Number of protein chains: 2
Amino acid sequence: MKAKKRTTIYDIAEKLNITASSVSRALNNSSHVNEETKKLVLKTAAELNYKRNILASNLRKGESKTIGIVVPRINQNIFSNVIAGIEETTYSKDYNLIICQSNESHEKEVKSVNALINQHVDCIVISVAAEGSDYSHLQNVIDHGIKLIQFDRVADDLETLKVLNDNHQASLEGITHMIEQGYKRIALLEGPQNLDIFRQRKQGYLEALKLHNLPVINELIIENAWTKELGADATRKLLNLPEPPDAIFASTSDFSALGVLEVATSMGIKVPSDLGILGYSNEPFTELTSPSITTIDQFSHYMGKTIANLYFQESENKESPIVPRTISVKPKLIIRASTSRRSYQ
Amino acid sequence: MKAKKRTTIYDIAEKLNITASSVSRALNNSSHVNEETKKLVLKTAAELNYKRNILASNLRKGESKTIGIVVPRINQNIFSNVIAGIEETTYSKDYNLIICQSNESHEKEVKSVNALINQHVDCIVISVAAEGSDYSHLQNVIDHGIKLIQFDRVADDLETLKVLNDNHQASLEGITHMIEQGYKRIALLEGPQNLDIFRQRKQGYLEALKLHNLPVINELIIENAWTKELGADATRKLLNLPEPPDAIFASTSDFSALGVLEVATSMGIKVPSDLGILGYSNEPFTELTSPSITTIDQFSHYMGKTIANLYFQESENKESPIVPRTISVKPKLIIRASTSRRSYQ
DNA sequence: CTGAAAGCGCTTACAG
DNA sequence: CTGAAAGCGCTTACAG
């Protein structure tokens with residue numbers, strides 16, 4: 001069957017000898033419409049296989065019932081879970097999701113955001129790329145009257161709705177746990193410090209050391225070690241130090257922690273007895289490595305649901321302006337074998 | 001700043017004392033427009049922070065430049081990779097992606113597909129849910145003149161564009177490899193047989209046995225063992241048999257294979273010496289378990305790119321009807337420790 | 001309860 | 001090269 005012209009409300013109207021107005025009202029379940037008419041319209045619509053043209057409807061109503069999402073990568077645990085969480089909540093309200101990935105490129109992020117503005121989405125949900133520090137494209141979103149919700153990695157200067165983890169607290173708890181396990185020279189693999197989440201994790205690390213009167217050793221702090229490869233490189237460097245660390249906090253991600261584990265194993269260094277390892281994000285694989293990796297769960301699926309609910313809450317009171325605020329989801333330390341040299345199960 | 005009325009082409013026209021037609025032409029880079037006018041329009045558009053209303057444009061042009069994707073779960077390796085592959089290709093052509101997940105529910109799949117039809121997407125890309133056998137909603141897509149591309153899990157009766165793995169061949173190769181490693185009683189964990197991919201994998205298994213004159217033992221074939229939990233249950237049952245298998249092919253997924261591995265390990269059964277394990281999909285974690293799991297890579301990212309290219313190819317010759325055809329991406333056996341009792345590295 | 005008309009913001013044949 | 005007009009498919013005040 002070739003692409004034929006689709007059924008419109010005019011086709012239905014013609015068939016029933018009424019006007020398109022009435023058809024529209026019947027289809028929208030308006031109260032000002034005769035029950036008989038409504039039934040007839042619905043029946044005819046089904047017969048003619050009518051599908052409302054949402055584009056036209058949205059254009060007329062000035063809304064799109066669409067939420068745009070921009071994340072660095074969709075196939076990364078936290079992001080796919082957040083998206084899944086959002087999807088489950090928005091689905092029941094007939095909202096569409098348009099997904100873009102920035103691939104950590106600032107340029108692609110800007111382009112994606114602009115494409116979403118063009119699309120007249122009702123809301124943009126974003127976790128910013130590592131690259132870049134100019135967030136005028138996000139200001140632009142707000143200026144166009146589109147709701148903006150930032151999550152996880154946010155531009156903190158921009159006053160918007162934000163859904164975050166308490167990275168500082170999680171990091172503090174993780175390091176405290178390591179100290180309690182007897183680790184004394186704990187190295188830190190940092191993420192790009194232009195991202196607040198990585199700054200916060202560093203602060204948590206520093207605070208934990210301070211609380212336990214441990215010195216901050218600069219040569220144990222490695223910048224930008226946030227992929228598996230960079231984590232591995234950093235570990236090689238650290239373990240070859242005259243005084244190597246007895247633990248490594250891969251604050252950037254579990255992928256980085258995996259790099260640490262692989263290098264340590266290949267060098268014959270025992271985890272956790274000789275080296276403790278703490279990751280971040282609770283990627284599924286952290287449970288499967290040997291030894292399993294202690295990490296921090298961000299409740300990403302729940303974050304997704306929170307984001308969606310926040311949007312709907314804000315949409316309800318259309319008149320009052322949005323009050324920028326931050327919802328903090330408390331992450332949880334998941335203690336596994338890689339840091340448990342005193343006790344594990 | 002509150003949601004103000006957006007700049008339209010009329011605002012630009014008014015400011016420049018020309019008509020909206022000219023503005024539109026300038027913005028669309030039409031050839032029939034004065035260079036001077038074009039420059040002025042572009043400049044003014046930038047000044048007024050104009051963003052084209054794609055909804056209106058699409059409505060008028062009868063296209064949407066949007067592709068809808070329906071998958072069982074976005075946070076599953078193959079699906080998030082396919083989506084990423086599609087996204088990378090469509091992004092450069094200014095296409096939007098609307099993502100829906102069926103959560104393996106037929107009802108939700110039908111609803112999502114209908115929502116995408118309403119949305120007037122240009123194409124629907126789908127991998128069907130395990131549940132369900134009625135595919136009239138997909139016929140409906142075609143009847144509405146929307147291009148339909150099925151991938152991975154397809155409704156085979158429906159003649160559409162399909163992008164598939166050669167599951168039969170992959171399975172045949174995997175089992176042959178196991179037989180060569182000396183396994184003789186190879187159990188099969190099946191997926192729902194209403195899905196062709198699982199039927200094909202079973203056929204490959206049966207053919208491999210036949211080619212090597214091994215008997216088909218019915219008690220070694222377990223139905224519907226396609227999650228980690230069900231894989232674990234099946235394994236417990238199999239290993240407690242009077243004559244237990246010496247290998248298990250978790251044809252449904254690596255998650256199922258992981259269930260097998262965990263149960264075997266907890267029962268003190270050595271992998272690969274006492275039990276060989278073959279998974280499917282090359283989930284990232286299969287490299288990390290101990291022992292690492294032999295599996296089959298589906299080149300899902302490449303599949304995504306293939307799907308997008310197929311769509312653009314079909315879009316180019318608008319006149320000629322779509323010739324249903326199947327593109328087969330050859331999967332690859334990834335041999336790891338879990339099946340290598342004769343030799344590994 | 002229903003009809004006639006205007007309009008959402010664009011694009012595009014048709015004239016000139 | 002530019003303008004005037006129609007139309008994409010819907011919704012919604014305004015009358016009646």
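Basis for what follows: all heavy atoms, side chains included, without hydrogens, waters or symmetry-related copies. Remember, predicted model here, so these are calculated numbers, not experimental data. To find a chain, count down the sequence lines: A is the first, B the second, and so on, and within it residues start at 1.
N17(B) has its CG atom 9 Å from the P atom of dG3(D), to the nearest Å. Computed from coordinates, the K61(A) NZ to dC8(C) C1' distance equals 13 Å when rounded to whole Å. K39(A) places its NZ atom 16 Å from the C1' atom of dC1(C), with the value rounded to the nearest Å. Remark: P of dT2(C) and CG of L40(A) are 11 Å apart, rounded to the nearest angstrom. With rounding to whole Å, Q119(A) atom CD is found 13 Å from dC10(C) atom P. In this structure, I9(B) places its CD1 atom 12 Å from P of dG3(D), rounding to the nearest Å. The distance between atom CG of L59(A) and atom P of dC8(C), rounded to the nearest whole Å, is 9 Å. If you take CD of E14(A) and C1' of dG9(D), they are 15 Å apart, rounded to a whole angstrom.
The ring of H106(B) has its center closer than 6.0 angstrom to the ring center of H137(B).
Taking side-chain N and O atoms only, S22(B) has a distance below 4.0 Å to OP1 or OP2 of dG3(D). One finds a side-chain N or O of T19(B) lying less than 4.0 angstrom from the OP1 or OP2 phosphate oxygen of dG3(D). Between Y10(A) and dG7(D) there is no side-chain N or O to OP1 or OP2 distance below 4.0 Å. Here T37(B) does not reach the OP1 or OP2 of dC1(D): none of its side-chain N or O atoms lies under 4.0 Å away.
Across all strands shown, dA13(C) forms no Watson-Crick or G-U wobble pair with both distances under 3.5 Å. Across the strands present, dA4(D) finds no partner; the criterion is a Watson-Crick or G-U wobble pair with both atom distances under 3.5 angstrom.
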(request) Begin with the C-alpha distance, continue with both residues' side-chain angles, and end with the deciding distance and a verdict on side-chain contact (heavy atoms from CB on, under 4.5 Å) for N49(A) and R6(A). (result) CA-CA 9 Å; N49(A) 202 6; R6(A) 293 200 187 188; over 6 Å; no
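Under a 4.0 Å N-O distance rule, the pair E87(B)/K108(A) qualifies as a salt bridge. Using a cut-off of 4.0 Å between Lys/Arg side-chain N and Asp/Glu carboxylate O, E104(A) and R73(A) are scored as not salt-bridged. Taking a cutoff of 4.0 Å between a charged side-chain nitrogen and a carboxylate oxygen, E35(B) and K39(B) do not qualify as a salt bridge.
Here N28(A) lies in heavy-atom contact (under 4.0 Å) with sugar-phosphate atoms only. Counting non-hydrogen atoms under 4.0 angstrom, S24(B) reaches a base of the nucleic acid. Within 4.0 Å (heavy atoms only), S21(A) reaches at least one base atom of the nucleic acid. Residue I18(A) is in sugar-phosphate contact alone, with no base atom involved, counting any heavy-atom pair closer than 4.0 Å across all strands shown.
Taking only side-chain atoms of R25(A), from C-beta outward, the nucleotide of dT2(C), dG3(D), dC10(C) with the closest atom is dT2(C).
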